[in-house]
Amino acid sequence: MIVSKRTAIIWWVGGLIAFGITLYFHIPLITDSVPGGIGEHQSAPDAATVDAIQQSWRSDGLVNEPVIAMVTDLIFIGIYGVGCVLAGLHYRARSSAILRLLGWGALVSGAVFLITDYGETIAQFIQLMRFTGDDDLAGLASTLRPVKMASWIAGFVTVLIALVVDRFSSRAA
């Protein structure tokens, strides 16, 4: 599948913009009782910890804010993940060996990010909507979190490097 650079970059940059919007909605969840905000919910290893975090948010008057934050997260995941995959498909089809390698890196990182972050966020969202923690879902979310974070960083760095390499290789040609 051949993807235009323009399409890939629109999705990828759109994902970065969506990430900024998502962070904005996560800020209210950083409270005295939950100083790590949504990150604490993501890394909560068990139902009791999830329950304590959700109860703290409720006690602080934050009922709808966690739901809105997670919905924006679900939207961001899709846009950014698809952007990485599309950038990967674009650069994978290039003639330069380094760009092909970077393309594969972006493609794999984007796919891993989509799977792990959706898994983590859906597991959190189910617990939030039930307003009760679940050991299995909390364990899944906290297990996926570090993989999700590594794949986000890898996708970001890989696409950024591909853009720079492509820019300088185009000038040299």
Side-chain angles (χ1 to χ4, degrees), residues 7-88 105-161 163:
T7 298
I9 299 310
I10 286 171
W11 276 88
W12 187 71
V13 170
L16 294 175
I17 292 167
F19 181 62
I21 293 167
T22 297
L23 290 178
Y24 173 80
F25 283 101
H26 285 201
I27 290 170
L29 303 178
I30 300 170
T31 63
D32 289 339
S33 54
V34 187
I38 199 78
E40 281 190 48
H41 198 272
Q42 292 170 341
S43 61
D46 54 41
T49 307
V50 170
D51 289 342
I53 291 166
Q54 291 182 4
Q55 187 56 52
S56 292
W57 283 337
R58 287 257 169 126
S59 296
D60 291 335
L62 301 171
V63 177
N64 294 324
E65 290 83 349
V67 175
I68 293 167
M70 285 190 199
V71 168
T72 65
D73 208 7
L74 290 167
I75 294 166
F76 146 70
I77 294 164
I79 298 169
Y80 178 78
V82 167
C84 284
V85 168
L86 292 175
L107 178 63
V108 170
S109 295
V112 170
F113 174 76
L114 283 165
I115 292 165
T116 57
D117 204 2
Y118 270 134
E120 174 202 62
T121 304
I122 290 168
Q124 289 181 82
F125 196 69
I126 291 168
Q127 294 175 92
L128 184 66
M129 297 311 293
R130 291 179 181 166
F131 194 65
T132 186
D134 177 282
D135 283 332
D136 292 333
L137 291 172
L140 175 64
S142 65
T143 300
L144 292 175
R145 186 171 194 259
V147 179
K148 172 239 3 199
M149 293 178 76
S151 64
W152 189 95
I153 293 166
F156 177 79
V157 170
T158 303
V159 173
L160 197 59
I161 291 170
L163 286 166

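Ile75 CD1 to Phe19 CZ: the interatomic distance, rounded to the nearest 0.5 Å, is 15.0 Å. How far SG of Cys84 is from CD1 of Ile79: 12.5 Å, rounded to the nearest 0.5 Å. Rounding to the nearest 0.5 Å places OG1 of Thr143 at 10.0 Å from CD of Glu120. Atom-to-atom distance recorded for Glu65:CD and Ile38:CD1 is 11.5 Å, nearest 0.5 angstrom. Atom-to-atom distance recorded for Leu74:CG and Phe76:CZ is 11.0 Å, nearest 0.5 angstrom. Interatomic distance, CG of Leu29 versus CG of Leu62, reported as 6.0 Å (0.5 Å rounding).
In terms of heavy-atom proximity, Trp11 sits nearest to Leu86 at CD1-CD1, 3.5 Å. Between Arg145 and Gly39, the shortest heavy-atom contact is NH2-CA, 3.6 Å. In plain terms, the two heavy atoms of Gly133 and Val50 that are nearest each other are CA-CG1, 3.7 Å. When all heavy atoms of Ser142 and Ala44 are compared, the closest pair comes out as CB-O, 3.7 Å. Shortest non-hydrogen contact noted between Ala106 and Val159 is CB-CG2, 3.8 Å. Nearest approach of Thr158 to Gly105, heavy atoms of both residues: CG2-C, 3.9 Å.
Of the possible donor and acceptor atoms, one in the side chain of Thr72 sits under 3.5 Å from a partner among the backbone N and O of Ala69. Listed for the Gln124 side chain is no donor-acceptor partner under 3.5 Å among the backbone atoms of Ile122.
Residues satisfying the ring pair (Phe, Tyr, Trp, His ring centres under 6.0 Å) test with Phe125, not counting sequence neighbours, are none. Legend: residues meeting side chain to side chain contact (heavy atoms under 4.5 Å, CB included) with Val13, ordered by chain and number and at least two apart, are Ile9, Ile17. Take Tyr118 and apply the ring pair (Phe, Tyr, Trp, His ring centres under 6.0 Å) test, not counting sequence neighbours, and it matches no residue. Scored by the side chain to side chain contact (heavy atoms under 4.5 Å, CB included) test, Thr116 finds Val112, Leu144, Val147, Lys148, Ser151 as partners (sequence neighbours excluded). For Ala154, the side chain to side chain contact (heavy atoms under 4.5 Å, CB included) test picks out Ser109, with sequence neighbours left out. When the ring pair (Phe, Tyr, Trp, His ring centres under 6.0 Å) test is applied to Trp57, the partners found at least two apart in sequence or on another chain are His41. In this structure Thr49 satisfies the side-chain hydrogen bond (donor to acceptor under 3.5 Å, both in side chains) test together with Asp46, sequence neighbours excluded. Remark: Leu107 engages Val85, Leu89, Arg92, Trp104 in a side chain to side chain contact (heavy atoms under 4.5 Å, CB included) (not counting sequence neighbours).
The side-chain hydrogen bond (donor to acceptor under 3.5 Å, both in side chains) analysis of residues 16-31, with sequence neighbours excluded, yields the pairs Thr31-Ser33, Thr31-Asp60. Applying the side-chain hydrogen bond (donor to acceptor under 3.5 Å, both in side chains) test to every pair with at least one member in residues 125-140, sequence neighbours left out, gives no pairs at all.
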Worked verdict on Trp12 versus Leu163 for side-chain contact (heavy atoms from CB on, under 4.5 Å): CA-CA 11 Å; Trp12 187 71; Leu163 286 166; 3.8 Å; yes
side-chain contact (heavy atoms from CB on, under 4.5 Å) evaluation trace for Gln55 with Phe131: CA-CA 9 Å; Gln55 187 56 52; Phe131 194 65; 3.7 Å; yes
